[in-house]
Amino acid sequence: MSAVPIPRIALAGNPNTGKTTLFNRLTGLSAKVGNYPGVTVERESGTLALARTGEVELSDVPGTYSLTARSAEEQIAISAICGLHPLERPDLVLLVVDATQLTRNLYLALQVIETDVPVVIALNMWDMLAGAGVEIDAAALARELGVPVVPISAQSGQGIDELRNALDRALAEPATARPGPRWVPSSRELRADIDAVSAALPKEWGVEETQRRDALALWALLSLDEGDELPQVPQSLRDVVLARRRAALAAGRELDSEIIRGRYEWIDARAPRFLRQLPSAKKSITDRVDRLLLHPVLGFAVFLLAMGLVFESLFSWADPAIGGIESAVGWFKELVLALLPQGLVAEFVGDALIEGVGSVIVFLPQILLLFLFIGVMEDSGYMARVAFLMDRLMKAIGLHGRAFVPMMSGFACAVPAILATRTMERQRDRMLTMMVVPLMTCSARLPVYSLLIAALFPPSEVLGFVPVQGLLMVAMYVFSTLIALAAAAVLGRTVLKGKSVPLLLEMPPYRMPDWKSVGASVWRKCRVFLTEAGTVILGCTVVMWALLSFPRDTQTQAEFDARIERVESEQAEGPARDELVAALRNEGAARALEHSFGGRIGKAVEPAIEPLGFDWKIGIGLLGAFAAREVFVSTMGVVYGMGGEVDEETVGLRSRIQQESRSDGRPVYTPLVGLALMVFFAIACQCMSTLAVVKRETQGWRWPTFLFVYTGALAWLLAFAVYQGGMALGLG
Amino acid sequence: MTSLDLLQPGARARLVSIGGERAFRCRLMELGLLPGTAVRLVRKADLGGVLELEVRGCRLTVRHGEARALEVVPFEG
């Protein structure tokens with residue numbers, strides 16, 4: 001790092017203007033993902049090298065139609081452009097403008113120019129003007145706005161070199177890109193309102209310059225009201241704004257429309273100088289595609305088909321890759337263990353470190369696939385249609401229309417699904433979705449259900465033809481989905497109560513996704529997961545390993561080692577001896593586990609889980625399942641002295657479960673206990689990877705703790721109700 | 001005079017006034033939907049309960065309930 005800070009460029013623009021594509025094109029894979037302070041909004045920034053200026057930093061400002069804000073997330077735009085605390089003032093704003101929707105985009109441009117920051121405008125989608133039926137004179141537009149305007153196509157790369165040169169020039173001579181406000185309020189009354197608000201602006205906002213002060217006063221007049229949720233706005237300023245608005249209203253003036261109309265009138269009066277509408281009678285492609293995709297019946301069918309494809313890919317396409325990663329990790333572990341002397345170090349490296357890294361990268365195939373789909377859906381414009389189709393359905397349970405994709409992905413795995421909540425802009429919508437996604441039946445729960453159903457519910461039919469085992473599986477899916485929807489409805493009205501915001505969405509025209517840009521975004525997503533959530537998951541794996549391995553019972557282990565040695569020396573080589581040795585090894589492992597912290601925790605929590613029909617051995621299994629739910633199966637294998645190499649298909653494990661009995665001779669597992677256990681598994685968020693990504697996405701431990709506690713309590717209550725209710729009905 | 005949600009798909013109208021919450025009115029106006037602007041109702045999603053509008057060459061969606069607060073004068077023909 002050099003001592004002189006490198007120049008900063010803020011990249012701003014309306015949503016759907018190709019801002020991300022331009023960002024990816026300018027910064028390539030250099031971009032890093034950070035976080036805007038105080039909010040859970042990602043801040044992507046990267047560097048680019050300019051001929052004269054040298055290296056500059058480009059950071060992305062969330063897409064917005066205007067600088068006006070009502071929430072902390074919306075306030076990022078004004079803070080990033082004006083450099084309000086704690087963000088630093090950019091040296092230049094690169095504003096991306098969609099040339100095919102010029103007048104609406106110019107509204108934001110006027111607001112940004114008013115703040116007196118140097119501005120360069122990238123007039124994107126230049127290659128699509130003919131199709132949109134408009135003609136633009138870029139030079140005339142630059143004259144009217146007073147800032148450099150560069151026609152580009154972020155997708156094809158047209159005009160990018162010119163844009164770099166323009167950025168370079170504007171950074172070298174900032175005065176050429178600071179033209180002063182374009183629209184100046186002409187009415188004396190509005191001028192007085194602005195002056196009154198200006199005087200109340202906090203000093204820290206840097207209000208020495210008249211222009212910047214006026215811009216911030218106009219921002220305050222539009223943004224502040226009784227219900228705004230803006231932090232860092234002094235109440236005294238809000239009071240002044242409210243008083244001016246009331247006084248204006250009493251005089252028959254509406255401040256909002258005076259300001260907004262003023263800007264739009266400025267744009268509309270000058271538009272004929274740079275914009276020409278061509279007579280185009282033919283229907284656009286978007287219109288024709290939408291007639292199918294938004295059709296009440298067909299559109300819905302296509303939607304279900306598309307979702308089916310995503311779903312199928314997360315389940316089946318990711319499977320070979322996941323299997324490949326697992327066997328590669330296993331192979332690597334063997335390789336390393338062969339090089340290390342047997343003992344604690346080898347166990348730590350093999351079972352904690354290598355398995356831990358494996359349990360992180362095993363998520364990559366699903367994350368990659370899901371974000372590939374999301375990237376294509378966002379870039380092509382289909383994501384906006386999903387919200388259009390699903391709004392009523394999702395709104396009924398208090399969720400955003402865009403929550404559908406994460407909720408559905410939760411059936412495969414909660415980890416990518418939680419990462420996918422990013423597609424929602426409002427923090428509250430995102431939090432609510434994150435809190436209920438882990439309730440969906442993810443694929444890691446399936447081995448647990450399979451084992452319990454196969455062991456405890458003999459194959460039979462109800463009504464003569466419906467297989468009981470299959471029915472139970474389906475019932476678990478329906479049950480968990482209903483619980484998730486109910487939880488969303490309840491949380492959305494209590495803990496995460498939020499004002500219902502009006503749905504105002506843009507339906508962008510369909511466009512070909514830019515593969516390079518989608519690829520760059522997927523790559524960043526994976527990298528953030530590996531470096532941020534991955535380290536937490538790895539740490540948890542090490543802790544889990546330690547809990548289940550320490551303290552050691554050296555005396556018992558030495559005893560078992562001696563017995564194994566004796567068998568090996570006394571008996572002839574052969575399958576009978578191998579079997580005996582394996583049995584002794586497994587029994588030793590079971591004793592070691594019982595002696596470990598994990599075993600003690602299992603015993604310690606027994607009184608708490610006894611009302612659910614669980615014993616301490618199941619307690620250990622629940623603890624082991626924290627690493628990943630399917631680990632329950634192998635943990636139970638170890639607990640029952642069968643070794644960890646079992647799966648849900650292992651017949652021996654099934655019969656062991658059927659035979660397991662309590663001290664008084666009653667079986668531990670009855671169908672009722674199995675059901676209570678499945679209910680517990682369906683609801684409790686006992687998955688460290690899920691909690692780790694929630695921690696990373698919400699930037700703190702508060703929400704993962706809440707998630708863990710509320711699902712744990714709910715799981716206990718419902719399992720209790722199932723077990724005790726069943727007992728009371730005599731089903732035990 | 002009628003409200004926007006009562007227009008037939010494909011119908012064009014001029015916006016007369018915007019009702020509803022202040023935040024909603026501001027956002028609509030900032031998107032270029034000021035009184036006096038021409039609007040076209042593109043389609044209604046019955047299942048979604050949402051309307052699609054065309055304003056200034058851009059497509060926007062608004063919920064049924066909120067569209068009821070938008071008063072319009074339909075264009076003849």
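The sequence lines fix the lettering, A, B, ..., with proteins before strands; numbering per chain opens at 1. Below, all heavy atoms of this structure are taken into account, side chains as well, without hydrogens, waters or symmetry copies.
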Looking only at A/T286, A/I260, A/L108, most heavy-atom pairs under 4.5 Å shared with chain B are made by A/I260
The single option from A/L389, A/L294, A/D391 that satisfies side-chain contact (heavy atoms from CB on, under 4.5 Å) with B/V50 is A/D391
Does the side chain of A/Q111 come within less than 4.5 Å of B/E30's, by heavy atoms? yes
Between B/G57 and A/Q101, the two heavy atoms sitting closest are O-NE2, 3.4 Å
Which of the residues A/D98, A/T100, A/T68 is involved in the greatest number of heavy-atom pairs with chain B at under 4.5 angstrom? A/T68
Please classify the contact between A/E254 and chain B as side chain, backbone, both or neither, with a heavy-atom cut-off of under 4.5 Å. side chain
Ion pair present between A/D228 and B/R22, side-chain N to carboxylate O less than 4.0 angstrom? no
Is chain B contacted by the side chain of A/R245, its backbone, both, or neither, given a heavy-atom distance below 4.5 Å? side chain
Side chains of A/K395 and B/R63: does their closest heavy-atom pair fall under 4.5 Å? yes
Under 4.5 Å to a heavy atom of chain B? For A/E74 that would be side chain
Ionic contact status for A/D268 with B/R56, cut-off 4.0 Å: yes
Interface moiety of A/R261 toward chain B, non-hydrogen atoms closer than 4.5 Å: both
Please name all residues satisfying salt bridge (charged side-chain N to carboxylate O under 4.0 Å, His left out) with A/E258, sequence neighbours left out, ordered by chain then number. A/R253
Partner chain A: residue of B/L53, B/L31, B/V62, B/L34 with the largest heavy-atom pair count (under 4.5 Å): B/L31
Residue pair B/M29 / A/D256, side-chain heavy-atom distance below 4.5 Å: yes
Partners meeting side chain to side chain contact (heavy atoms under 4.5 Å, CB included) with A/L505 (sequence neighbours left out): A/A387, A/L503, B/T61
Considering non-hydrogen atoms only, spot the tightest contact between A/F388 and B/R43 and give its length. CZ-CG, 4.2 Å
